[in-house]
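Below is one structure; the comments refer to it alone.
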Amino acid sequence: MEQLSITEKQGANYVIYEIAGAMNTYTVTELAEKLDEMIKKSNVVVDMERVETIDSVGVGLLMATFNDGEDNNHHFYIMNPSAPARIALEETGFYDVFEIIHAVTEVQ
């Protein structure tokens, strides 16, 4: 069974979620709840360096979080997208929409 590991860490002006595994219909429920709650309170970084696969539901979750961040005056960052994550975002045309960073020092 596919799994998604989520590690939450606090930064100075952000919360970072380090995720690993498969981001799909079956695995994103917990992440969706965390992102939905946190983007209303703080800037959010999702470290996708260890994402193995991502489907349209995973991409949709990222887009929804980005939109919620704009609505709540918070930034949403994707950090170090893995090759599968980058390809999925590029193929959907959303890669350029997101703020892609390589280190948390880039969080504003």
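What you see below is based on every heavy atom in this structure, not just the backbone, and it leaves out hydrogens, waters and symmetry mates.
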For a quick test of your reading: what N or O donor-acceptor pairs under 3.5 Å do the side chains of residues 63-71 make, sequence neighbours left out?
{"from": "Thr65", "atom 1": "OG1", "to": "Leu61", "atom 2": "O", "distance (Å)": "2.9"}
{"from": "Asn67", "atom 1": "ND2", "to": "Met63", "atom 2": "O", "distance (Å)": "3.4"}

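- Going from atom CG of Asn43 over to atom CG of Asn13 covers 5.5 Å, rounded to the nearest 0.5 Å.
- One distance of note links CD of Glu49 with OG of Ser82; it measures 8.5 Å at 0.5 Å rounding.
- Gln10 meets the side-chain contact (heavy atoms from CB on, under 4.5 Å) test with Glu8, Val15; sequence neighbours excluded.
- The side-chain contact (heavy atoms from CB on, under 4.5 Å) test with Tyr17 singles out one residue from Asp47, Thr7, Val44, and that residue is Val44.
- In the hydrophobic clustering of this structure, Val46 does not group with Tyr14; members are Ile, Leu, Val, Met, Phe, Trp, Tyr whose side-chain heavy atoms approach within less than 4.5 Å, directly or through other members.
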Using atom types as modelled, flag every donor-acceptor pair under 3.5 Å from a side chain in residues 92-108 to any protein atom, sequence neighbours excluded.
{"from": "Thr92", "atom 1": "OG1", "to": "Ala88", "atom 2": "O", "distance (Å)": "3.1"}
{"from": "Thr92", "atom 1": "OG1", "to": "Leu89", "atom 2": "O", "distance (Å)": "3.0"}
{"from": "Glu99", "atom 1": "OE2", "to": "His75", "atom 2": "ND1", "distance (Å)": "2.9"}
{"from": "Glu106", "atom 1": "OE2", "to": "His102", "atom 2": "N", "distance (Å)": "2.8"}
{"from": "Glu106", "atom 1": "OE2", "to": "Ala103", "atom 2": "N", "distance (Å)": "3.1"}

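- Taking the side chain as every heavy atom from C-beta outward, Met23 and Asp55 never approach each other to under 4.5 Å.
- For the side-chain contact (heavy atoms from CB on, under 4.5 Å) test, residues two or more places apart in sequence or in another chain that qualify with Glu91 are Ile87.
- Using a 4.0 Å cut-off between a side-chain N of Lys or Arg and a carboxylate O of Asp or Glu, Arg50 and Glu18 do not qualify as a salt bridge.
- Both Val57 and Val51 belong to a single network of hydrophobic side chains, linked directly or stepwise wherever heavy atoms of I, L, V, M, F, W or Y lie under 4.5 Å apart.
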Evaluate the criterion side chain to side chain contact (heavy atoms under 4.5 Å, CB included) for residue pair Lys34 and Ile6; output intermediate values, then yes/no.
CA-CA 10 Å; Lys34 290 178 180 292; Ile6 306 164; 4.0 Å; yes

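- Take Thr29 and apply the side-chain hydrogen bond (donor to acceptor under 3.5 Å, both in side chains) test, not counting sequence neighbours, and it matches no residue.
- When the side-chain hydrogen bond (donor to acceptor under 3.5 Å, both in side chains) test is applied to Asn72, no partner is found at least two apart in sequence or on another chain.
- Note on Leu35 and Met79: separate hydrophobic clusters, where clusters join Ile, Leu, Val, Met, Phe, Trp and Tyr whose side-chain heavy atoms are under 4.5 Å apart, directly or indirectly.
- Both Ile54 and Leu4 belong to a single network of hydrophobic side chains, linked directly or stepwise wherever heavy atoms of I, L, V, M, F, W or Y lie under 4.5 Å apart.
- Note: the hydrophobic cluster containing Ile39 does not contain Ile16 (ILVMFWY, side chain heavy atoms under 4.5 Å, direct or indirect links).
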